[in-house]
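Side chains included, hydrogens not; waters and symmetry mates left out as well; all remaining heavy atoms used.
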Amino acid sequence: MAMFGRTALKMTNMMCLVGTIVIICFIELIVTRDVYDHYEHSLLRRSHRGFHQQQQQQQAEQEQQHHQYNNINHNSKHHGNSNYRQTYCGRQVKFYEKSHHTKHTGHHQPRVETIAMKHKRHYGSQHQRNNSSTSSITEQQQHHPAWMDVTPEGHEQTFLMLQDDEVGAAAGLKQPKHGISSVWPVKREAVVEGDLILGGLMMVHSREDSVTCGPIMPQGGIQALETMLYTLDKINEQGLVPNVTIGAHILDDCDKDTYGLEMAVDFIKGSISNIDDINDYDNCSKGHKKKIISGVVGAASSVTSIQVANLLRLFKIPQVSFFSTSPELSNKQRFEYFSRTIPSDHYQVKAIVDIVEKLGWSYISIIYEESNYGIKAFEELDDLLAKHSICIAVKEKLVKDSGVADTIAYDNIVLKLLTKPRAKGVIIFGSDQEVAEVMKAVRRQNVTGVFSWIGSDGWSARNLVSDGNEAEVEGTLSVQPQANPVIGFEDYFLNLTVINNKRNPWFVEFWENNFQCKYPHSPYTPYNKDYKNVCSTTEKLSKGDLDFEDQLQFVSDAVMAFGYAFKNMHQELCRGKPGLCDAMNPTKGSELLKYLRKADFIGLSGDRFNFDVNGDGPARYNIIHFKQVAPERYKWIKVGEYYQGELRLNMQDIQFRTKDSMPPESVCSRPCERGQAKKHNDTPIVRASGRELSYVLLSGILLCFGVTYTLVIKPNDIVCGVQRFWSGFSFTVVYAALLTKTNRIARIFNASTKSAKRPSFISPHSQLVICGILVSFQILINAVWMIVSPAHAMHYYPTREDNLLVCNSYTDASYMIAFFYPIFLIVICTVYAVLTRKTPEAFNESKYIGFTMYTTCVIWLAFIPLYFGTANNVQLRIFTMSMTISLSATVTLVCLFSPKLYIILIRPERNIRQSMMPIRYSTINKTTGSAQSSVMAAVIVTAATCNENEKVIKSASNENIPAAY
């Protein structure tokens, strides 16, 4: 039995290993999207295996070629032959180039530059398939992208690709005559050799909708990348880990989560290929092993970090982000291997709300980006603002994850802000690229200076937003994680050139963008094709022409955290022995994570750093302000800080507009002065419950309370007639209004489950007509009753000693004629209340109507036997009738109107249309373009929390007091 158990255990382990290998291979095939290339290379690997073994001595040279700057030798000379051969990984690789000339030149003059095959493997093999015939080449020439056109000056535009001669020959593919067309983006990598390798995921390029990668990002991209390289240099110079160097493998995610996830697959390839080389067609032989990525620094955006964290978690690779601030990432049950040096937005939201309170704002708008970063922050903002009784006027989303919005989308956001002119304060939780478009829309709508912005760390102090939009951004208050300059980095960066910085393959693009020139022999991109000038290569970076990212400390701290984790891990596992020991070759992610979370050090900025219990950075924030410090000269300055839950703000340094130090007023309405009162009849909660029917209902309740007085006064013929008519009529008015409401709710939701057609007769006018018809039946009943049996006062002798003056209807059961129709309405209304009990909880007042009807039924079930059981006691019968009428009116008043008063007076932040109805029912019929044509009565999510045009009633004794807003 024991032998059988051991056998079964071995089989189970074997099946798990095989399953793991299959899954890993599947991931590799899916993400690289190059199954065809894998098939080609697999055939070639078998046919050339013997040849590879003879060429292993050349691998050291090939590794060095693999990491050349930009994978291009900018100093290479022109060759007469367009086919340039180079040995790479034991193969003869031919590099092709296609040069586009003006239409007047009928020849090509090739130029050869070196490109590492690994960086182009997807595109090169793909081109072989797509360009296997001359006709396909001609077609590509006719349909090349616009950015491949020839410059007016006739300069040749060079696009680089490569082709493996061995592969092409073996596969029997026809070689193109003049080379291969271009692709964008070009997959590049910054590589620093080391014993331990850190992956890096940077947003070197910005996000673009028309192409995968947009223009270069100087601050958050290139500077962040160089900070990582600079920090690695310092760690290795200090010998932090004895006789162990830390290297890097840095990729570009272009600020896109899907593209970033694709790039991040490179970080797990080392683990995959070392498990089994079935799918590792980049390696020269089984004896060659890739460096395993010990940890990953990045990504910058939260949405990309979430995607990458889910992948790295499967392979137990620790990840430390430097700019991702979404509160969701603090959940260690989902993101066990994720840490960050920047604090969570949970604390940033608290700081923003404190600023709003400090400015005295109670009515604001919120713009947030459509990403995890924006949505999670908005959810926390919404809750926290409600706790502080701060109302929200407009809520708008900025397109982020779903693409790049058109100009009109940003214009519409500004126009919606203008619909609530009293909400001057606007919180913007977004990224620089999107917020820059908002500021441009403000200028296009000619409303510069109308709004005052409270900014998040995603866009404040970014040149992309403020450059060219200074007047629009002026006065902004923003929260930024507290960071100090990385000591020595500015001098390091200013001394960089394309020549001495070949380890950064994107630096030439940064150089071209900074100096607005085309670097000699650099490949053309969609963004340098319009440069008229050619770089002299002698340009020099200067501090006056550059703006440094304020938060580079977080990048440096992320690298330092790994460095100290390696140091502590080496001390324990290798016991101080120089070099890597077997216990750290390779490092185990689960072990490294423990040392990483315990890292405690003084960083290159001079600040002490350590992770909190959630793996987040310490919550320290600077409050910065964008103001005009001189004519036409603007600057971000520090005006306060937020530390350990306390806001310190220097109001004297804040200047929202030139010569205007007072914060703008952002309130729904000004406080009432003495003798004034506000009317709330036009607020969302009143409109949602049917304002017109509510007035009818209140009138009926008032009549119910009034009829009690007619029952106890001295009877006469007129009083008896009024009693008979009024008692039944008042009830009919109340329950006719309630029946109309419940019927409307039932018809709306029944129609919504069947079709999108709007039900008939649900407008306020229609509801009043229906209610009037129901009441008219009671009037008709009373009229007939008065004609058949007129009401009159009479003497009633219940005993020989008693003589009572009463109305004739009290002596018998005829009063039930007045109550028969109201009781019928109560029954029908109760049935509708039961039918509508499953409607959304927040929809209008269905549950309150239901509770009212259930209570009313109990009251009337008690009244009927009491009324008939007191036939010989007129006084008790009158008392019972009065109590029943008063109780019914009180129940209706309390159950239906007290919830409204609670929201209007105590919880005004809930007085918004989306609180009246869930978002899924808040639809607008876009086909007609009218909000009134919605099945669900057109609830707009961006509705205001209060009515800015509330009327003010003045008392008679204070007629001279001016009316408030």
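- Geometrically, Lys543 does not engage Phe493 in a cation-pi contact defined by less than 6.0 Å to the ring centre and at most 45° from the axis.
- When the shell of 6.0 Å around OH of Tyr347 is examined, it contains 12 or fewer heavy atoms from other residues, nucleotides or ligands.
- Ring pair Tyr230/Tyr492 is tilted by interplanar angle, where 30° to 60° counts as tilted.
- Between Lys518 and Asp530 there is no salt bridge, since no side-chain nitrogen of the basic residue lies less than 4.0 Å from a carboxylate oxygen of the acidic one.
- Asn514 and Glu539 share no donor-acceptor pair across their side chains, judged by distance under 3.5 Å alone.
- A salt bridge does not link Lys187 with Glu189: every distance from a Lys NZ or Arg NE/NH1/NH2 to an Asp or Glu carboxylate oxygen is 4.0 Å or more.
- A salt bridge does not link Glu572 to Arg575: none of the charged nitrogens lies less than 4.0 Å from a carboxylate oxygen.
- Ring centers of Tyr643 and Tyr621: at least 6.0 Å apart, outside the cut-off.
- Using cut-offs of 30° and 60° for the angle between ring planes, the Phe507 and Phe510 rings count as tilted.
- Between the side chains of Asn504 and Glu226, at least one donor N or O lies within less than 3.5 Å of an accepting N or O.
- Under the 30°/60° scheme for interplanar angles, the aromatic rings of Phe429 and Tyr373 are found to be tilted.
- Distance alone, capped at 3.5 Å, is enough to place a donor-acceptor pair between the Glu512 side chain and the Tyr519 backbone.
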- Item | Intermediate values then yes/no, ring-ring contact (aromatic ring centres under 6.0 Å, His included), Phe611 and Phe609 | CA-CA 7 Å; Phe611 293 105; Phe609 177 85; 4.9 Å; yes
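- Aromatic ring pairs are classed by plane angle as parallel below 30°, tilted from 30° to 60° and perpendicular above 60°; the pair Phe267 and His249 is perpendicular.
- The salt bridge (charged side-chain N to carboxylate O under 4.0 Å, His left out) pairs that include a residue from residues 546-565 are Arg462-Glu549, where partners are two or more places apart or lie in different chains.
- A side-chain donor-acceptor contact under 3.5 Å links Ser301 and Thr304.
- Lys332 NZ: more than 12 foreign heavy atoms inside a 6.0 Å radius.
- With values rounded to the nearest 0.5 angstrom, Ile355 atom CD1 is found 10.0 Å from Tyr642 atom OH.
- Taking the six-membered ring where the residue is Trp, Trp511 and Phe515 present tilted rings, their angle falling between 30° and 60°.
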- Query: Taking it one step at a time, do Ser330 and Arg340 satisfy side chain to side chain donor-acceptor pair (under 3.5 Å)?
  - Reply: CA-CA 9 Å; Ser330 296; Arg340 54 186 165 192; 2.7 Å; yes
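- In this structure, Glu509 pairs ionically with Arg188, as a charged nitrogen and a carboxylate oxygen lie closer than 4.0 Å.
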